[in-house]
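Notes for the one structure printed next.
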Amino acid sequence: MKSTVISIVLTAASAGSAMAATPVYLDPKAPIEDRVEDALSRMTLEEKVALCHAQSKFSSAGVPRLGIPEVWMSDGPHGVRAEINWNDWGHAGWTNDSVTAFPALTALAATWNPDMAALYGKNVGEEARYREKDVLLGPGVNIYRTPLNGRNFEYMGEDPFLASVMVVPYVRELQKNGVAACVKHFALNNQEQWRGNINVDVSDRALYEIYLPAFKAAVQDGGAWSIMGAYNKVWNQHCCHNKRLLEDILRGEWGFDGVVITDWGGAHDTREAALNGLDIEMGSFTNGLTSESEFTYDDYFLARPFLELIRKGEVPESVADDKARRILRLIFRTAMNTEKPFGSLHSPEHYAAAKAIGDESIVLLRNTGILPLDPAAGRKILVVGDNAVRKLTDGGGSSELKVKDYVSPLEAIREVFGPENVTFAQGYAAGRPMYSSEEVIPAAVQDSLRAEAVAKAAEADVVIYVGGLNKNAFQDCESTDRREYELPFGQNELIEALIAANPSTVIANITGNAYAMPWADRVPAILHVGYLGTMGGASMADVLSGAVNPSGKMPYSIPVRLQDNGAHAFDATSYPGVESAEGDVLFGACAPQQRYAEDILVGYRWHDTRKIPARYAFGHGLSYTTFAYGKPVLSAKELGPDGKLELTVPVTNTGSREGAEVVQLYIADDKASVLRPVKELKGFEKVTLAPGETREVTFTVTPDMLAFFDEGAHAWRTEPGSFTALVGGSSATADAKVRFKYAE
């Protein structure tokens, strides 16, 4: 349990009175800004500076003399990380820090349901509150640019509108627990290779249209209380003390009044950190994951060196005042918030929430009719794959979780279909969870496991393959990117052999990324399953059996080949970047330079505009029922600068069972003066329909939905002309359309 220092503070005027009034900063009913100013007026310069840097691996100082507690942080956002030692990365070994593992954020995005995001934020916030955390380090909203990024599973997909809509309810509900969201990683932290010093060159259009909107939504609509700076550089300056990002955009354009916290080890310069908007410095002189520091916390850039700059008059004390104001505001919102609830830990309600989110997140990519599998049929089922039994809450870097319970796919499938009907073969070995290295499995071992699985497949009625990626290094893991687009551990060869032995092979791969599927057209069904945490196996089994009708939609495109992805359609300057001569003491002997050559054409924008079909499109996802779209109707044929249109489209469940469909609205600019994507997502709604039921779904179209970012004017601009609204069940099938005009 964290300690809280309590002291009695008497003002000079009341020092002789036993009935002294409570100082304003200790009065929870006083306005926060009054409390902040009162506390600040009582602090010494040394106390102000002490607020600005870590005092342990996951805490920063308060003001003990004034009874102002420290700030305690925890990795997230999929659950509250196990306690870490005070001064190293080892686990503290507590026995009361097991938690609920909620689905990864990519899985949350696959629900396309803001209600699930609110449920997620509420429940993970309750666990963070119970664990007495003041800041949960998440959610992450970096855009899915390349399927090789090791941390894509922590983010909300490739589309800025989807991520923006999903992040807001998460942040709001989390913070109702008196726990600050720390939205990360601001900004353009879109790969793990060279993450500490790669310098990103991106156009302002791509920055404002693709990479910033979700952060802006979290700040302005979600009211986020803190932001985490990214490791990388932009415009030759590290993000954690990048003047344009933090001062000009975050605080200047968006009005952010919260705290900017470094990623662990993300600060590099005292003067820049002091003057360019950083507030709390964490984890300096480490790699943020495994390495230790020979320096003390007083040696941090915003510690003694910062204090010395102020004492020398090289930095005004007002800079420390501004940082202290923001940190005090955070403390009064969290640690000293007397109205926050008590919270709870791995409760039945939390397990139910994790299950509900997982149920809605699973995407049925392909189904020729084999699914759902009727448990009453008594089929002999063979489950194959390491992920059927692997605890996928281990590994992954800072997203690792110490779970109280974990329902594996094999366990759940046996529960649903009967243990007497289900056998298991591992098929391949993936090694122990490791952050930056791998356990190499001998080829003879892999060959033996493959042979065993194929032999058993020939004897089964149905094979359920549960493979994919895991949280090891060079897969879905912090600190490393994937090496290749193919599945690891010879899984493609294994799947091909299983199909040959038994054509009734269902693929249910677990992954936080797209991957190559050379066998896709030769299997009867494919499920795309995210890292679903504690209740993940139960969600998978219920979708396989039909107890849950799948309703997930892809939050990112699945290209046929890696080079079909926009970031990989160019040379190495686009990905992973090109090394230069400049060195970095912590992150390697190079300072790689990278140009986002695909510009605004990220994900489906690239596939559509360049006419390169994805294997499975953004927004794609099937159901055990079917849906039909009628003709969309607009309330008017013309939209003015201050006006709005209502677009209504009828959607019918044409199948035989209840199901949910995500109705997606895209807008196309029919003729523009600049390059624009063929269409862009501008609205969606998830509707549940009974068999035969029709419902009219209505979207409001406003001028801002038609705009692009004008770099010359540094403003959003909507050009007069013709636009098309397209509605459907994915970016590839949004073919119910209607045209309208915009006139200034």
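- Going from atom NE2 of His714 over to atom CG of Asp204 covers 6.5 Å, rounded to the nearest 0.5 Å.
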Side-chain atoms of residues 160-172: list all donor-acceptor pairs with protein atoms under 3.5 Å, sequence neighbours left out, distances to 0.1 Å.
from   : atom 1 : to     : atom 2 : distance (Å)
Ser164 : OG     : Pro160 : O      : 2.6
Ser164 : OG     : Pro213 : O      : 3.3
Ser164 : OG     : Ala214 : N      : 3.3
Tyr170 : OH     : Pro77  : O      : 2.9
Arg172 : NE     : Asp221 : O      : 2.9
Arg172 : NH2    : Asp221 : O      : 2.9

Please list, one pair per line, the donor and acceptor atoms closer than 3.5 Å that link side chains of residues 304-312 to other protein atoms, with sequence neighbours excluded.
from   : atom 1 : to     : atom 2 : distance (Å)
Arg304 : NH1    : Asp299 : OD1    : 2.8
Arg311 : NH2    : Glu46  : OE2    : 2.6

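- Checked by atom type and distance alone, the side chain of Asn232 pairs as donor or acceptor with a backbone atom of Ala187 at under 3.5 Å.
- A salt bridge is absent between Lys57 and Asp88: the closest approach of a Lys/Arg side-chain nitrogen to an acidic carboxylate oxygen does not fall below 4.0 angstrom.
- Judged by the 6.0 Å and 45° rule, Arg145 forms a cation-pi pair with Tyr596.
- Partner Asp279 forms a salt bridge (Lys or Arg N to Asp or Glu O under 4.0 Å) with one of Arg325, Lys48, Arg251 and no other, that one being Arg251.
- Relative orientation of the Phe709 and Tyr208 rings is parallel, given thresholds of 30° and 60° on the angle between their planes.
- In this structure, a donor-acceptor pair under 3.5 Å is present between the side chains of Ser203 and Asp599.
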If you apply the rule salt bridge (Lys or Arg N to Asp or Glu O under 4.0 Å), what do you find for Arg129 with Glu126, and how did you get there?
CA-CA 5 Å; Arg129 171 66 192 99; Glu126 288 173 353; over 6 Å; no
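- For the residue pair Gln191 / Asn149, no side-chain donor-acceptor distance below 3.5 Å is found, with atom types taken as modelled.
- At a cut-off of 3.5 Å, with distance as the only test, no side-chain donor of Asn190 or Tyr155 sits close to an acceptor on the other residue.
- Here Arg151 pairs with Glu478 in a salt bridge; the nearest charged N to carboxylate O distance falls below 4.0 Å.
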Could you go through Glu253 and Arg244, starting from their C-alpha distance and side-chain angles, then the distance that decides it, and tell me whether this counts as salt bridge (Lys or Arg N to Asp or Glu O under 4.0 Å)?
CA-CA 10 Å; Glu253 296 179 15; Arg244 187 178 176 207; 5.8 Å; no
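- Between the side chains of Asp571 and Thr573, at least one donor-acceptor pair of N or O atoms lies under 3.5 Å.
- The pair Glu247-Lys243 fails the salt-bridge criterion, with no side-chain N (NZ, NE, NH1 or NH2) lying under 4.0 Å from an Asp/Glu carboxylate O.
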